[in-house]
There are 2 protein chains.
Amino acid sequence: MMVEEIDERKKQILKAIINEHILTAEPIGSRTLAKTYQFGISSATIRNEMSDLEEMGYLEQPYTSAGRIPSDKGYRFYVDSLIKEGNCLHSDYQELLNNFNLKKQGIQSIMSSMAKMLSKITRYTSLISEPQLKRSKVKQFQLVPIEKNSLLIVLISDTGIVHNKIIQLEQELSARQINYLNQFLSGHLKNKELISLNDDFMKELELKLIKRFDLSQGIFELIYQGLVSSEPAEFKVYLGGTSYILEQPEFNDLENLKKVLNILDHEEILRSLLNNIPDKGLEVMIGHENELEEMQKCSIVFATYSIGDKASGKIGVIGPTRMEYSKVISTVNSVAKALSKIISELSG
Amino acid sequence: MMVEEIDERKKQILKAIINEHILTAEPIGSRTLAKTYQFGISSATIRNEMSDLEEMGYLEQPYTSAGRIPSDKGYRFYVDSLIKEGNCLHSDYQELLNNFNLKKQGIQSIMSSMAKMLSKITRYTSLISEPQLKRSKVKQFQLVPIEKNSLLIVLISDTGIVHNKIIQLEQELSARQINYLNQFLSGHLKNKELISLNDDFMKELELKLIKRFDLSQGIFELIYQGLVSSEPAEFKVYLGGTSYILEQPEFNDLENLKKVLNILDHEEILRSLLNNIPDKGLEVMIGHENELEEMQKCSIVFATYSIGDKASGKIGVIGPTRMEYSKVISTVNSVAKALSKIISELSG
DNA sequence: TGTTAGCACTCAATTATGCAGAGTGCTAAT
DNA sequence: ATTAGCACTCTGCATAATTGAGTGCTAACA
């Protein structure tokens with residue numbers, strides 16, 4: 001028999017199975033399902049439906065004659081069609097807002113506390129990425145002399161993040177020279193988007209500068225390097241509640257646990273993971289949808305937070321595929337909004 | 001019978017037991033010991049000696065008629081009297097030096113890579129604390145205006161760390177005023193130790209300033225707060241190789257594992273742990289010597305790294321009490337030295 | 001044609017049982 | 001003081017036996 005379209009009753013059953021499985025972490029059988037939910041059909045009928053759902057790929061059987069568990073495809077359908085956004089528990093939300101009225105902390109510390117809070121609410125591990133420098137504008141630029149042959153570049157972006165980088169000069173600069181350089185660069189860089197500071201633009205700038213001021217090419221190159229190439233490509237990732245994964249029964253297996261913790265240990269991997277997420281408002285990545293083999297027993301719920309109307313960073317929650325999607329999705333949404341608001345205020 | 005002083009033979013046996021246990025993670029019995037080590041005495045004699053050692057508190061029996069395992073007291077004796085410092089595998093050491101010739105990275109990134117390397121060599125989790133700001137001198141001080149009512153304080157310490165803090169002003173300052181303030185503070189703070197910037201000193205400074213320049217008290221207070229009270233008390237802790245704990249059989253027990261990972265999740269706890277360690281060259285903390293209940297199945301080996309001759313930060317390795325002390329101690333020593341050297345160069 | 005009751009079968013998890021191995025403590029002989 | 005020998009203890013492992021939840025199939029039913 002050809003596998004037909006999924007009908008209303010199948011939806012109900014699938015939804016019930018997933019809800020139950022999320023709660024218990026156990027395979028669900030037709031008998032228990034018939035008992036706990038009042039569908040008005042017998043366990044035998046449910047059995048047939050479950051068999052169909054398995055054939056269609058929404059369910060799996062861990063072994064013959066065990067109950068069924070949802071497949072990744074099942075979760076995907078669940079997330080896309082079977083749940084609607086709930087709303088954040090208002091007590092949690094309040095905690096959120098209360099704790100972050102104090103804006104004297106600096107953005108780093110806010111991100112780190114936000115990550116902690118997010119995992120406290122969801123009871124899963126969470127991660128927050130710093131706004132990417134290259135997507136933001138220069139708000140303030142300053143050169144600070146340190147010693148004869150070294151210089152500190154301080155750059156404040158419109159996201160409120162302060163970046164700094166020490167560069168070693170080969171040539172000694174006088175106070176006047178530094179001052180001039182400072183004025184010049186500050187004037188030309190302010191309000192520019194960092195992504196527009198490409199080679200061409202900088203070449204042009206250098207020419208302008210050289211006309212008025214004799215300066216070896218080397219210095220300009222160094223400043224450019226310090227400014228654009230190394231740091232700006234990177235952004236910090238703040239982790240919260242790493243130890244919450246231990247509370248999930250699927251990670252009682254040390255092999256699985258090791259894989260995941262190993263990923264969390266490597267910031268660069270998390271960074272590239274975050275870089276591959278599109279800038280949608282919300283994105284759910286279920287099991288094998290993640291190309292990292294080590295995380296294919298996990299799901300991640302991401303949201304983008306923004307400053308004004310410009311996407312700038314990501315927040316996410318990592319848990320087992322058997323995740324409380326409904327709760328997590330609404331929480332992540334709320335926290336992303338709160339974070340957007342806080343950072344927007346801070347920066348503007 | 002009164003328990004007498006530990007004699008040479010007992011020492012040999014204790015040492016053998018601990019070595020063997022570190023290798024196998026199993027309780028050691030008299031028979032195996034007699035077989036693998038050629039003491040020239042029978043297992044029965046060893047048995048008697050082991051019984052004495054247990055009575056003296058150096059050994060423990062997990063259950064009746066099992067072999068013996070070392071107690072914390074046993075490990076303490078082992079570390080204090082039975083091992084001598086080995087030397088770092090020179091291939092590792094070389095790797096160390098090679099990878100860190102490049103000094104363009106900035107101190108943060110050096111610390112983070114150092115922590116990674118330390119745990120790669122030892123195969124245990126490691127931690128490195130940033131030099132404490134309050135123990136270092138001001139090398140450079142600069143105020144950067146951001147907007148009309150906010151100001152960035154940039155402070156470079158002689159350890160090469162760049163600290164920054166944004167403060168919100170209530171009063172608007174002109175460019176000239178900021179410039180003056182900058183000059184004034186920069187002049188008076190440079191080369192001062194941050195720990196000496198107490199209330200008295202700042203009061204005095206404020207009086208001097210007010211004589212020449214009309215400025216509301218509020219601003220000075222704000223700068224002082226930004227400078228001394230919040231950030232400087234803190235310092236970052238870099239963790240490396242968190243997932244290595246999973247390789248230790250003693251942490252196959254999820255309860256234990258949870259406790260330890262939970263501690264590693266909380267930077268503030270690690271900070272206070274590090275703060276309680278004296279500035280000796282090397283310090284070993286074994287099991288219950290740590291007052292944190294959660295870490296009493298762990299040992300930690302700490303060393304202090306310094307800039308010039310001034311102690312400035314700590315590095316440490318965390319493992320089970322059954323740790324390869326000899327190897328770890330020498331490695332930690334070597335890495336601390338290497339780090340001291342790198343930072344000294346960087347800052348001087 | 002969809003639904004259901006009933007039955008045989010399957011498999012994991014739990015419990016019971018027996019056995020082997022490593023170890024101890026004690027005693028008596030050296 | 002040392003050692004051989006022996007009785008005893010306890011864990012770990014392997015091998016059933018039992019239980020229970022669950023499935024698939026078939027035949028009867030609305």
Side-chain angles (χ1 to χ4, degrees), chain A residues 1-10 12-14 16-18 20-21 23-56 58-71 249-250 252-253, chain B residues 1-10 12-14 16-18 20-21 23-56 58-71 249-250 252-253:
Chain A
M1 178 184 70
M2 181 53 201
V3 175
E4 74 267 59
E5 191 63 11
I6 190 165
D7 64 21
E8 188 53 36
R9 194 171 69 183
K10 282 193 174 55
Q12 289 308 314
I13 290 173
L14 181 56
I17 291 173
I18 297 187
E20 205 66 12
H21 181 67
L23 227 64
T24 62
E26 298 287 316
I28 311 298
S30 57
R31 189 183 277 274
T32 24
L33 207 61
K35 247 179 273 176
T36 39
Y37 289 74
Q38 245 58 45
F39 285 123
I41 50 176
S42 77
S43 72
T45 312
I46 294 181
R47 209 140 56 226
N48 291 331
E49 295 287 45
M50 281 165 88
S51 180
D52 288 353
L53 284 166
E54 180 173 6
E55 209 180 331
M56 294 186 230
Y58 295 107
L59 293 178
E60 291 173 351
Q61 226 173 350
Y63 49 87
T64 332
S65 83
R68 304 300 208 294
I69 57 173
S71 66
E250 25 272 277
N252 284 3
D253 174 20
Chain B
M1 177 184 68
M2 183 50 203
V3 175
E4 73 268 59
E5 192 62 11
I6 191 165
D7 63 20
E8 187 54 36
R9 195 171 67 182
K10 282 192 174 56
Q12 288 309 314
I13 291 174
L14 182 57
I17 290 174
I18 297 187
E20 205 66 12
H21 180 68
L23 228 63
T24 62
E26 298 286 316
I28 311 298
S30 57
R31 189 183 276 274
T32 24
L33 207 60
K35 247 179 272 174
T36 39
Y37 290 73
Q38 246 55 47
F39 285 122
I41 49 177
S42 77
S43 71
T45 312
I46 294 180
R47 209 138 58 226
N48 291 331
E49 296 287 45
M50 281 166 88
S51 181
D52 289 353
L53 284 167
E54 181 173 4
E55 209 180 332
M56 293 187 230
Y58 295 107
L59 293 178
E60 291 172 352
Q61 225 173 350
Y63 49 86
T64 333
S65 83
R68 305 298 208 297
I69 57 173
S71 66
E250 25 272 275
N252 284 4
D253 173 19

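Chain identifiers are assigned alphabetically (A, B, ...) following the order of the sequence lines, protein sequences preceding nucleic acid strands; residue numbering begins at 1 within each chain. Quick caveat: nothing in here was measured; it's all calculated off a predicted structure.
- Counting only heavy atoms from C-beta on, A/Glu54 has its side chain closest to D/dG24 among D/dG22, D/dT3, D/dG24.
- Residue contacts for A/Thr32: at a heavy-atom cut-off of 4.0 Å it reaches the sugar-phosphate backbone alone, with no base atom in range.
- Atom CD of B/Gln12 sits about 11.0 Å away from atom CG of B/Leu33, to the nearest 0.5 Å.
- Atom CD of A/Glu60 and atom P of D/dT23 are 15 Å apart (whole Å).
- In this structure, B/Arg68 does not pair ionically with B/Glu60, as no charged nitrogen and carboxylate oxygen lie closer than 4.0 Å.
- Nearest-nucleotide positions on DNA chain D place B/Arg9 closer to the 5' end than the other of B/Arg9 and A/Gly67.
- C/dG2 atom P lies 11 Å from atom CG of A/Asp7, rounded to whole Å.
- Out of C/dT24, D/dT3, D/dC10, the shortest distance to the side chain of B/Thr64 is found at D/dC10.
- The phosphate of C/dT3 has neither OP1 nor OP2 within less than 4.0 Å of any side-chain N or O from A/Ser42.
- For A/Asp52 and C/dT3, the CG to P distance is 11 Å, given to the nearest whole Å.
- Taken from CG in A/Leu14 to CE in A/Met50, the straight-line distance is 10.0 Å, to the nearest 0.5 Å.
- In this structure, the nucleotide among C/dT24, D/dT2, D/dG22 sitting nearest to the side chain of A/Arg31 is D/dG22.
- Distance, A/Glu26 CD to C/dC11 C1': 15 Å, rounded to whole Å.
- Put simply, A/Ser30 has a side-chain N or O that comes within less than 4.0 Å of OP1 or OP2 on D/dT23.
- A sub-4.0 Å separation between OP1 or OP2 of D/dT26 and a side-chain N or O of A/Arg47 is absent.
- For B/Asn48, whose side chain is taken as the heavy atoms from C-beta onward, the closest listed nucleotide among D/dT9, D/dG24, D/dT3 is D/dT3.
- For A/Tyr63, taking side-chain heavy atoms from C-beta onward, the closest of the listed nucleotides D/dC10, C/dA12, D/dA4 is C/dA12.
- To the nearest 0.5 angstrom, A/Ile18 atom CD1 is 9.0 Å from A/His21 atom NE2.
- One finds the CD1 atom of B/Ile13 at 9.5 Å from the CG atom of B/Leu59 (value rounded to the nearest 0.5 Å).
- For A/Arg68 and D/dA21, the shortest distance from a side-chain N or O to OP1 or OP2 is not below 4.0 Å.
- If you measure from atom CD1 of A/Ile46 to atom C1' of D/dG24, you get 16 Å, rounded to the nearest angstrom.
- Under the 3.5 Å distance criterion, with hydrogens and angles disregarded, a donor-acceptor pair is assigned to the side chains of B/Glu20 and B/Tyr37.
- Closest to the side chain of B/Gln61, from the set C/dC11, C/dT24, D/dG24, is C/dT24.
- Comparing C/dT4, D/dT3, D/dT23 by their nearest atom to the side chain of A/Ala44 picks out C/dT4.
- Note: CE (A/Met50) to C1' (C/dT3) measures 17 Å, nearest angstrom.
- Spacing between atom NZ of A/Lys10 and atom C1' of C/dG2 amounts to 11 Å, rounded to whole angstrom units.
- Side-chain atoms of A/Ser65 and base atoms of D/dT23 include no donor and acceptor less than 3.5 Å apart.
- Atom CD1 in A/Ile13 sits about 13 Å away from atom C1' in C/dT3, given to the nearest Å.
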